[in-house]
Amino acid sequence: MELEVRHLRALCAIADAGSLHRAARQLGVAQPTLSTQLARIEQALGGPLFVRERTGCRPTPLGRTVLGRARPLLADMSTLVCEARAAAAGGDSRLRVGSTASRALAGWLRRLRRPGLEPTLQMDVSANALLRRVADGQLDVAFVHEVEGSSLHIPEGLRVRVLVEREPQFVMLPADHPAAVRPVVRLADLAEDRWMVDPTVDGEWDGVHRMLRAVGLNPRVLHGDYHTAASLVATGEVVTVCQPSSQSRPDMAVRRLYGDPLGVRLLLAARTRAELDAVFPALEDAYWEVARQSTAYREWLEVGGVRTLPRCPVAATGGGRVEFVRAR
């Protein structure tokens, strides 16, 4: 059997839903049909992709590897379809948006959408890859994050505007974790926990590694994407760093890390200043909207977490231009 897009979509649905029953309902198929399809996919790939448990299912190490490759492929396929449909309809007004993961995306795209303009979206875990696509003309703009201590390579000719100079990274841990009773968690409180990191995200593993080593920790580390990480946090398997705009749930808690030991810089890139001017206000509004929806991040902001930044251009790695803007 050859893998098809529908097979990858089914695997992602199972991982996101956490059970075959819920995934089948979302996909609109019978559970036995989905179970049979999964068995055929696992046979084709040579091993089990999910561990079946009484409470649901979770990805195996092989499953996490496959999911990590499947999600970008599905995103690329979605972009291809959207762009093809736009071309077939004779539409010339396209805005090709690229982004790393962000809760602000939905609000940004909603604000950009207007009659005659339907933005397309291409997701990628690699900020450097998205910047190259903007430079090559494959994307019009890209919203990316730069992990502290791991500078991005900004291609020659790009203009980059800073949305947030340093966004602190918070920690996501099981709701019943002893440290979750406090609003601020020390890394020492997580010394006995397994961590999950996505090594395909530019700079993430290096940043987390430096953060842990700085306080003398060398914990067990699992590799997986953020969807898998959230699922394993909910079941008490791991803890993981997360964006501060992430929201707590009944089965998981989002907490600030003491001293804000890890941060990222949020950047918007385009080839011209006019392109930045056209989309930046919508991104700024969308970002602060979701930032204040998160209890933990809102509390951090209210005690003076955001610094105001000077409006002055500076040189950037790789020859691009970085324009600092005032944060709220």
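Everything quoted here is computed from the prediction, not taken from an experiment. Starting from 1, each residue takes its place in the sequence as its number.
- Between Asp202 and Ser150, the closest side-chain pair of non-hydrogen atoms is not below 4.5 Å.
- In this structure, the side chain of Arg133 does not engage the main chain of Asp140 through any donor-acceptor pair within 3.5 Å.
- Val254 has its side chain out of reach of Gln247: every pair of non-hydrogen atoms, C-beta onward, lies at least 4.5 Å apart.
- The backbone N or O of Leu152 lies less than 3.5 Å from no partner atom in the side chain of Asn128, so there is not a single donor-acceptor pair.
- Under the 3.5 Å distance criterion, the side-chain polar atoms of Arg103 are matched with a main-chain donor or acceptor of Ser245.
- Arg159 contributes no side-chain N or O that, together with a main-chain N or O of Ala270, makes up a donor-acceptor pair within less than 3.5 Å.
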Worksheet item: Could you go step by step and tell me if Arg273 and Asp277 meet the salt bridge (Lys or Arg N to Asp or Glu O under 4.0 Å) rule?
Response: CA-CA 6 Å; Arg273 177 175 292 183; Asp277 291 342; 5.5 Å; no

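- In this structure, Arg71 and Asp16 have side chains that are in contact, with non-hydrogen atoms separated by less than 4.5 Å.
- Contact check for Ile14 versus Leu34: side-chain heavy atoms found under the 4.5 Å cut-off.
- A salt bridge links Arg194 and Glu237; the closest N-O separation between the charged side-chain nitrogens and carboxylate oxygens is under 4.0 Å.
- Around CZ of Arg186, the count of heavy atoms belonging to other residues, nucleotides or ligands within 6.0 Å does not exceed 12.
- Glu284 and Leu163 get closest at one heavy-atom pair: CA-CD1, 3.8 Å.
- Glu42 contributes a side-chain N or O that, together with a main-chain N or O of Leu49, makes up a donor-acceptor pair within less than 3.5 Å.
- Other residues, nucleotides and ligands contribute at most 12 non-hydrogen atoms within 6.0 Å of the CZ atom of Arg40.
- Checked by atom type and distance alone, the side chain of Gln31 never pairs as donor or acceptor with a backbone atom of Ala24 at under 3.5 Å.
- Taking both residues in full, the closest heavy atoms of Ala10 and Gln37 are given as CB-OE1, 3.3 Å, listed atom of the first, atom of the second, then distance.
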Item to complete: Go through the steps for Val264 and Gln169 under the test side-chain contact (heavy atoms from CB on, under 4.5 Å), then give the verdict.
Response: CA-CA 7 Å; Val264 303; Gln169 298 302 280; 3.4 Å; yes

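- Under the 3.5 Å distance criterion, the side-chain polar atoms of Arg96 are matched with a main-chain donor or acceptor of Gly137.
- Clustering of Ile, Leu, Val, Met, Phe, Trp and Tyr side chains at separations under 4.5 Å leaves Val51 isolated, with no partner residue.
- Within the 3.5 Å criterion, the main-chain N or O of Val238 finds no donor-acceptor partner in the side chain of Asp193.
- No side-chain heavy atom of Pro183 sits less than 4.5 Å from a side-chain heavy atom of Arg256.
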Discussion item. Checking Leu20 against Arg25 for the side-chain contact (heavy atoms from CB on, under 4.5 Å) test, could you report, in this order, the C-alpha distance in whole Å, the side-chain angles of both residues, the deciding distance, and whether it holds?
Written reply: CA-CA 9 Å; Leu20 284 169; Arg25 187 169 54 194; over 6 Å; no

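- Other residues sharing the hydrophobic cluster of Tyr258, ordered by chain and number and joined by side-chain separations under 4.5 Å: Val184.
- Remark: Glu192 CD is loosely packed, at most 12 non-hydrogen atoms of other residues, nucleotides or ligands lying under 6.0 Å away.
- Atom CE of Met211 and atom CG of Asp206 lie 12.5 Å apart (nearest 0.5 Å).
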Item to complete: Show the numbers, then the answer: is there a salt bridge (Lys or Arg N to Asp or Glu O under 4.0 Å) between Arg94 and Glu118?
Response: CA-CA 6 Å; Arg94 292 183 304 156; Glu118 182 65 30; over 6 Å; no

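- Scanning both residues, Ala142 and Val134, for their nearest heavy atoms gives CB-CG2, 3.6 Å.
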Item to complete: Kindly determine whether Gln243 and Ser246 satisfy side chain to side chain donor-acceptor pair (under 3.5 Å), including the steps that lead there.
Response: CA-CA 6 Å; Gln243 297 175 5; Ser246 301; 5.4 Å; no

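- Between Leu232 and Arg64 the shortest heavy-atom distance is CD1-NH1, 4.3 Å.
- Side-chain contact between Met196 and Val221 is absent, with no heavy-atom pair separated by less than 4.5 Å.
- By the 4.5 Å heavy-atom criterion applied to side chains, His153 and Leu131 are not counted as neighbours.
- Through direct or relayed side-chain contacts under 4.5 Å between Ile, Leu, Val, Met, Phe, Trp and Tyr, Val201 connects to Val125.
- Rounding to the nearest 0.5 Å places CD of Glu167 at 11.5 Å from CD of Glu148.
- For the atom pair CZ (Arg6) and CG (Leu74), the distance works out to 13.5 Å, reported to the nearest 0.5 Å.
- For Gln26, the CD atom is densely surrounded, since the number of other residues' heavy atoms within 6.0 Å is greater than 12.
- Think of Val290 as one node in a network of Ile, Leu, Val, Met, Phe, Trp and Tyr side chains linked at under 4.5 Å; it has no links at all.
- Atoms CZ and CD, on Arg292 and Glu299 in that order, are 14.0 Å from each other to the nearest 0.5 Å.
- For the atom pair CG (Leu262) and CG (Leu257), the distance works out to 8.0 Å, reported to the nearest 0.5 Å.
- Side-chain contact between Pro48 and Phe50 is absent, with no heavy atoms from C-beta onward closer than 4.5 Å.
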Item to complete: Could you walk me through whether Leu139 and Gln122 pass side-chain contact (heavy atoms from CB on, under 4.5 Å), step by step?
Response: CA-CA 8 Å; Leu139 293 172; Gln122 185 172 129; 4.1 Å; yes

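- Of the possible polar contacts, none joining the Arg265 side chain to the His145 backbone as a donor-acceptor pair under 3.5 Å is found.
- With values rounded to the nearest 0.5 angstrom, Arg213 atom CZ is found 14.0 Å from Leu187 atom CG.
- With sequence neighbours excluded, the residues that form a side-chain contact (heavy atoms from CB on, under 4.5 Å) with Ala234 are Arg249, Asp251, Met252.
- Heavy-atom minimum distance, Pro250 versus Ala175: O-CB, 3.3 Å.
- The two residues Ser19 and Gly56 come nearest to each other via the heavy atoms CB-CA, 4.2 Å.
- In Arg69, the CZ atom is not crowded: 12 or fewer heavy atoms of neighbouring residues, nucleotides or ligands sit closer than 6.0 Å.
- Among residues at least two apart or in separate chains, ring-ring contact (aromatic ring centres under 6.0 Å, His included) pairs with a member in residues 207-241 are Trp205-His209.
- No donor-acceptor distance shorter than 3.5 angstrom exists from the side chain of Asp124 to the backbone of Leu130, with no hydrogens or angles considered.
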